[in-house]
A.B. asks: 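The structure under discussion is supplied below as structure tokens; questions concerning it will follow.
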Amino acid sequence: MPELPEVETICRHLRDGNSANPSILGFIIKNTQVLWPRSLATPSVEEFSSRLPGQAIKQISRRGKFSILTLTTDTILIHLRMSGDLLVEAVDAAPAVHTRILVNFRNGMRLAFNDTRKFGRMWLVNEPELVTGDLGPEPLAPNFTADDLFKRLKATRRQLKPLLLDQTFLAGLGNIYVDESLNLAHLHPLENSQHINEQQTLCLWNSIRQVLNAAILRNGASIDWVYRGGDFQNYFRAYDREGKACLDCGAPIQRIKVGQRGTHFCPQCQQLSK
DNA sequence: CACGAGACCTGTTCGC
DNA sequence: TGCGAACAGGTCTCGT
């Protein structure tokens, strides 16, 4: 479910609290329960349960689609993949059907890692760079410039859609936000990165940041049964709008398959260069 | 190097 | 109504 805006929203809730729950900053871990061992990427269940008790949550941050919990001596990283979620709840509540890992705190609260499809993963490491080291730049970082993007586009010759989904190229975009960014920038998803000029790159750079910022303001998107409280789905330009009018020209949005992923674009506004 | 297919999983929706 | 197919916000690995 989650791409950068959704992960950012979840991290903010953990860090700042919300109407339902307090911030978990400062909470001290009492123990853990791994209900589905494969959800734990590393270390072993035994080591996970022995290293965590006594450590406090010192900091909560995000890198790409990773949620990062900086502890007293270690770091927990979580990737929610398609269907993961992080919830704060009382330790005495019955775990939800799809709860995979529980981190219980001394104060009677716990962090639940729920994940219907079991694709998500949690890591416990000393050095977070071991997990996030290959990620590309953070699209909203102040030091990520349009010129950086241009250089990266020129360093390869790939179709824009799969390229923007590649987390080593740029960190945090997923299927929704790539479609949204390309539509806003009027670039065809199959356009080759070599064909993009500086003008178009500036437009793409702006579009990506505009779309991500707008989505974060709306607390991300909620789709179908995977509901998170965000409402950016009501502002989609292309994603999940097959047959509906393009917001810029009125032509019907088209849906094609690119690298196994549903891809939505406007055949009028987003033309392939010859 | 770039791309497509298959795998990993469960649940919902679509089409006949 | 029922049932199988297709599809879902992600990423890894393998083959060409």
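As the structure is a prediction and not an experimental result, all values here were calculated from the model. Numbered from 1 within each chain, the chains take letters A, B, ... in sequence-line order. Worth knowing before you read on, the calculation uses all heavy atoms, side chains too, and leaves out hydrogens, waters and symmetry mates.
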A.B. asks: For this output row, return yes or no: ring centroids of A:Phe66 and A:Trp123 closer than 6.0 angstrom.
C.D. replies: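 When the ring centroids of A:Phe66 and A:Trp123 are compared, they turn out to be within the sub-6.0 Å range.
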A.B. asks: Suppose we call a contact any N or O donor and acceptor under 3.5 Å apart; does that hold for the side chain of A:Arg117 and the base of C:dA8?
C.D. replies: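 Looking at the base of C:dA8, it does pair with a donor or acceptor on the side chain of A:Arg117 (distance under 3.5 Å).
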A.B. asks: Atom CG of A:Leu160 and atom C1' of B:dA2: how far apart are they, to the nearest Å?
C.D. replies: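 Computing the A:Leu160:CG to B:dA2:C1' distance gives 14 Å.
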A.B. asks: Mind checking if A:Arg255 touches a base, just sugar-phosphate, or nothing, with heavy atoms under 4.0 Å?
C.D. replies: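 Counting heavy atoms under 4.0 Å across all strands, the contact made by A:Arg255 is with sugar-phosphate only.
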A.B. asks: Do A:Asp115 and A:Arg81 sit within salt-bridge range, that is, some charged N less than 4.0 Å from a carboxylate O?
C.D. replies: no
A.B. asks: I want to check one thing: is the phosphate of B:dG11, taken as OP1 and OP2, less than 4.0 Å away from some side-chain N or O of A:Ser83?
C.D. replies: no
A.B. asks: How long is the line joining CZ of A:Arg38 and C1' of B:dA7, in whole Å?
C.D. replies: 10 Å
A.B. asks: Is there a Watson-Crick or G-U wobble partner for B:dA2 with both distances under 3.5 Å, and which nucleotide is it?
C.D. replies: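 Pairing partner: C:dT16.
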A.B. asks: State whether A:Asp147 and A:Lys151 are salt-bridged, where the test is any N-O pair (Lys NZ or Arg NE/NH1/NH2 against Asp/Glu carboxylate O) under 4.0 Å.
C.D. replies: yes
A.B. asks: Can you tell me how far P of C:dT11 sits from CD of A:Gln167, to the nearest Å?
C.D. replies: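 Spelled out: CD on A:Gln167 to P on C:dT11 is 4 Å.
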A.B. asks: Using purine N1 to pyrimidine N3 plus N6-O4 or O6-N4 for Watson-Crick, or N1-O2 and O6-N3 for G-U wobble, both under 3.5 Å, which nucleotide pairs with B:dG11?
C.D. replies: C:dC7
A.B. asks: Taking atom P in both B:dC9 and C:dG4, what distance in whole Å separates the two?
C.D. replies: 23 Å
A.B. asks: Could you please name the option among C:dG9, B:dA2, B:dG11 that lies closest to any side-chain atom of A:Thr116?
C.D. replies: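 Closest of the options to the side chain of A:Thr116: B:dG11.
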A.B. asks: Is A:Lys118 close enough to B:dC8 that one of its side-chain N or O atoms is under 4.0 Å from OP1 or OP2 there?
C.D. replies: no
A.B. asks: What distance do A:Leu153 atom CG and A:Glu191 atom CD have between them, rounded to the nearest 0.5 Å?
C.D. replies: 11.0 Å
A.B. asks: B:dC3, B:dC9, B:dG11: which one has an atom nearest the side-chain heavy atoms of A:His98?
C.D. replies: B:dG11
A.B. asks: From B:dG6, B:dT10, C:dG10, pick the nucleotide closest to the side chain of A:Gln260?
C.D. replies: B:dG6
A.B. asks: If you measure from the Lys or Arg side-chain nitrogens to the Asp or Glu carboxylate oxygens, is any gap between A:Glu180 and A:Arg237 under 4.0 Å?
C.D. replies: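 No salt bridge links A:Glu180 with A:Arg237.
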A.B. asks: When we call it a touch if two heavy atoms are under 4.0 Å apart, what does A:Lys257 touch: a base, just sugar-phosphate, or nothing?
C.D. replies: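 The answer is sugar-phosphate, as A:Lys257 gets under 4.0 Å only of primed atoms, P, OP1 or OP2.
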A.B. asks: Please state the P separation for the pair B:dC14 and C:dG9 - nearest whole angstrom.
C.D. replies: 15 Å
A.B. asks: Does the aromatic ring of A:Phe119 sit over the six-membered base ring of C:dT11, closer than 5.5 Å centre to centre and tilted less than 30°?
C.D. replies: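 No; centroid distance or tilt outside limits.
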A.B. asks: Measure CG/A:Asp85 against C1'/B:dT10 and give the value in whole Å, please.
C.D. replies: 15 Å
A.B. asks: Let me know the distance between CZ of A:Arg261 and C1' of B:dC3, rounded to the nearest Å.
C.D. replies: 15 Å
A.B. asks: Can you name the nearest heavy-atom pair linking A:His79 to A:Lys65, along with the distance?
C.D. replies: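 Taking every non-hydrogen atom into account, NE2-CB, 3.7 Å.
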A.B. asks: Contact class for A:Gln159 vs. all strands (heavy atom < 4.0 Å): base, sugar-phosphate, or nothing?
C.D. replies: sugar-phosphate
A.B. asks: Distance check needed: C:dC7 C1' versus A:Ile256 CD1, whole Å only.
C.D. replies: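 Computing the A:Ile256:CD1 to C:dC7:C1' distance gives 17 Å.
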A.B. asks: Closest approach to the side chain of A:Arg81, judged atom by atom: which nucleotide of C:dT11, C:dC7, B:dT10 is it?
C.D. replies: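 Among the listed nucleotides, the one closest to the side chain of A:Arg81 is C:dT11.
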A.B. asks: Please give, in whole Å, the distance from C:dG10 C1' to A:Leu170 CG?
C.D. replies: 16 Å
A.B. asks: Quickly work out the A:Arg157 CZ to B:dC1 P distance and round it to whole Å.
C.D. replies: 13 Å
A.B. asks: Please work out if A:Tyr177 contacts a base, only the sugar-phosphate, or nothing of the nucleic acid, heavy-atom cut-off 4.0 Å.
C.D. replies: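 No contact.
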A.B. asks: Tell me whether the OP1 or OP2 atom of C:dG10 has a side-chain N or O from A:Lys65 closer than 4.0 Å.
C.D. replies: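 For C:dG10, OP1 or OP2 has a side-chain N or O of A:Lys65 closer than 4.0 Å.
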